[in-house]
Protein chains: 2
Amino acid sequence: MTIGLAHAELIAVLSAVTGDEPRVMTVRSGDALPSGPFELGHRSLQAGLREWVGDQTGHPLGYLEQLYTFADRDRTHEDAEGRTISISYLGLVREQAAPGAGKPGWHGWYEYFPWEDHRGGRPEILAAITRRLQDWVASETARREHRQRRVDFAFGLDGAAWNEDLGLQRYELMYEAGLVTEAGCPPAKSFGRSMFADHRRILATGIARLRAKIKYRPVVFELMPESFTLSQLQRTVEALAGLTLHKPNFRRLIDQQELIEETGEATSETGGRPAKLFRYRHAVLEERALSGSKLPLSRN
Amino acid sequence: MTIGLAHAELIAVLSAVTGDEPRVMTVRSGDALPSGPFELGHRSLQAGLREWVGDQTGHPLGYLEQLYTFADRDRTHEDAEGRTISISYLGLVREQAAPGAGKPGWHGWYEYFPWEDHRGGRPEILAAITRRLQDWVASETARREHRQRRVDFAFGLDGAAWNEDLGLQRYELMYEAGLVTEAGCPPAKSFGRSMFADHRRILATGIARLRAKIKYRPVVFELMPESFTLSQLQRTVEALAGLTLHKPNFRRLIDQQELIEETGEATSETGGRPAKLFRYRHAVLEERALSGSKLPLSRN
DNA sequence: CCTTTTATACTCGAAGTGAGTATATCCGGC
DNA sequence: GCCGGATATACTCACTTCGAGTATAAAAGG
């Protein structure tokens with residue numbers, strides 16, 4: 001049994017939320033995600049990336065999770081024999097340690113995906129996108145219905161509701177339909193800021209994963225400072241999901257999960273009535289997972 | 001920027017359900033998962049694996065999804081410079097095309113994880129396992145409480161309910177506690193059949209992923225024959241989850257999802273009243289994902 | 001024909017969820 | 001000092017979902 005030889009590379013989607021805006025760490029003025037070789041000295045992939053991020057950015061990395069491994073033919077390294085295998089990771093950085101809005105290297109998610117931010121209602125750009133997608137659907141003869149269903153489902157058309165988790169499917173549809181420059185579309189007719197190679201697709205993968213994850217695991221707290229108000233927490237979740245949430249219900253949800261506790265202090269920096277400060281209950285909850293069982297169990 | 005050189009290998013967790021028993025495709029008489037080199041000629045990882053599985057097993061592969069990429073130091077290939085990167089995949093094979101219970105290569109999941117099958121109630125082996133885990137908890141002084149919480153949570157002790165999704169956590173705890181031969185435990189004091197290198201851990205990853213997935217995506221149907229009865233469907237889900245389900249509620253769940261339709265025929269092979277046969281509604285549902293939104297949305 | 005076995009259908013109460021409304025406490029201006 | 005704006009916090013209600021139990025239907029076999 002022979003083993004294929006390949007180049008191994010790590011790519012990181014590092015996110016933080018500052019000023020109610022979700023941001024991603026980039027290089028080349030926002031054109032690429034940070035990446036580097038997988039050094040042989042590392043104990044594991046995870047450890048390798050953690051070390052490397054620490055060196056490169058100076059930010060301590062909280063949560064870290066593997067995203068996906070890509071090895072498509074078009075990823076072949078130019079001057080080398082063999083191909084490149086890219087292993088991508090999602091990492092979360094605390095707001096405290098993260099740089100401010102203006103700092104270099106960090107760019108807002110929605111610069112690359114303006115159609116994903118629904119906090120101010122359905123973005124206007126979606127009208128133009130769905131019009132172009134309809135043309136693309138109409139241009140197909142054989143499997144037109146299938147295309148139509150995919151578009152309707154992903155973009156919340158024809159009765160379907162907008163689902164914030166489907167960011168990757170939306171990007172992939174737009175790629176297929178030739179609406180992004182990465183797919184060869186001229187910049188004037190494309191949507192959102194593009195990135196080097198398939199980095200924008202990897203970013204979409206990271207965003208989709210994080211949006212799905214905040215619903216069943218308490219990862220938001222990896223993005224929060226030590227103490228925070230409930231409104232701050234809600235606005236952070238809203239920034240990530242690209243949606244506005246119902247305030248009373250959000251608070252009910254948070255407190256029935258018993259994920260946080262009052263610090264005893266309050267802040268009046270918010271304008272109106274002072275808000276109580278809370279902290280995440282690290283100790284108790286390291287192993288917590290919402291049961292979320294959708295199977296009809298029987299207890300015998 | 002240099003790129004690290006590495007050996008690339010694909011490892012597959014191929015599962016089927018035959019005779020109400022979940023099975024995995026193995027090599028070396030059940031001691032290892034099938035694996036092979038990542039050939040340079042393939043278009044992508046996915047395509048590479050699909051082709052390779054077809055050649056090796058003769059079974060057409062339905063569903064295929066990437067599981068995880070491993071590259072720990074202990075995975076280094078003996079005779080080679082550099083290390084091995086193992087990219088693992090989860091694949092589902094239809095019962096029809098799958099071999100019967102006796103055929104070589106296929107082994108039951110619960111041979112490797114006897115504590116994971118709760119269809120006949122809590123397995124007796126769990127008593128011995130938790131006893132040994134309690135010793136392990138007690139042997140720690142500093143972070144004992146943390147260990148205790150991890151064990152209680154993963155194994156459904158001290159008020160916590162058994163959660164079938166936590167199979168990987170359970171295996172990892174048992175590994176840490178030295179209860180499996182892969183961790184150096186003598187066979188007489190270990191639990192479950194072991195596998196080569198970290199293959200059993202990869203199998204646990206696949207099982208956990210599949211158990212979680214059946215709750216929010218209709219992947220079970222990838223394991224069913226063209227037409228099936230509701231009881232058959234339920235027993236397949238039960239086999240995967242390692243749990244018994246409440247029949248009336250299972251049927252209600254299935255039919256409110258509108259995932260299946262009657263074929264018009266019935267079968268009386270089941271003993272009692274003849275059961276209606278159903279088929280999966282492929283066409284309509286290729287893009288379906290249960291919304292499962294746990295965020296308190298507001299609709300403005 | 002009656003019992004056993006499996007399939008299918010209906011009901012009920014508890015819990016969860018979406019949505020709206022009411023009260024509390026600060027700030028700043030008059 | 002009082003009042004309106006702004007934000008925080010608390011409560012209520014209807015509707016849906018979900019776990020659990022019960023009842024009826026249709027076959028096979030003695």
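By convention in this document, chain letters (A, B, ...) are assigned in the order of the sequence lines, proteins followed by strands, and residues within each chain are numbered from 1.
- Using a 4.0 Å cut-off, no side-chain N or O of A/Q256 falls inside it from OP1 or OP2 of C/dA15.
- A straight line from CG of B/L253 to P of D/dA20 spans 14 Å, rounded to a whole angstrom.
- Classification of the B/F113-B/Y171 ring pair by plane angle, with boundaries at 30° and 60°, yields perpendicular.
- Applying the salt bridge (charged side-chain N to carboxylate O under 4.0 Å, His left out) rule to pairs touching residues 120-131 of chain B yields nothing, sequence neighbours excluded.
- At least one side-chain heavy atom of A/H118 sits less than 4.5 Å from a side-chain heavy atom of A/P123.
- The separation between B/K247 atom NZ and C/dT5 atom C1' is 10 Å, rounded to whole Å.
- Side-chain atoms of B/F153 and B/Q169, non-hydrogen and from C-beta on, never get closer than 4.5 Å to each other.
- If you run side-chain contact (heavy atoms from CB on, under 4.5 Å) between B/W109 and each of B/V17, B/L240, B/D117, only B/L240 comes through.
- A donor-acceptor pair is defined here as one N or O able to donate and one able to accept, closer than 3.5 Å; no such pair exists between the side chain of B/R23 and the backbone of B/A16.
- The CG atom of B/D255 sits 16 Å away from the P atom of C/dA7 (whole-angstrom rounding).
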For every nucleotide of nucleotides 21-30 of chain D, 5' to 3': is a protein heavy atom under 4.0 Å from its base (B), only from its sugar-phosphate (S), or from neither (-)? BB--BBSS--
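- We find that CD1 of B/I254 is positioned 13 Å from P of C/dT8, with the value rounded to whole Å.
- Between B/L230 atom CG and C/dT6 atom P the separation is 16 Å, expressed in whole Å.
- No engagement by A/T229 is indicated, since no non-hydrogen atom pair under 4.0 Å with the nucleic acid exists.
- Mapping A/L277 and A/R252 onto DNA chain D by nearest heavy atom places A/L277 closer to the 5' end of the strand.
- In this structure, CG of A/L233 is placed 12 Å from P of D/dA8, rounded to the nearest angstrom.
- Within the 4.5 Å cutoff, the side chain of B/F278 has no heavy atoms near those of the B/I254 side chain.
- Here the C1' atom of nucleotide C/dG16 and the CD atom of A/Q257 are 12 Å apart, to the nearest Å.
- Between A/R251 atom CZ and C/dA19 atom P the separation is 18 Å, expressed in whole Å.
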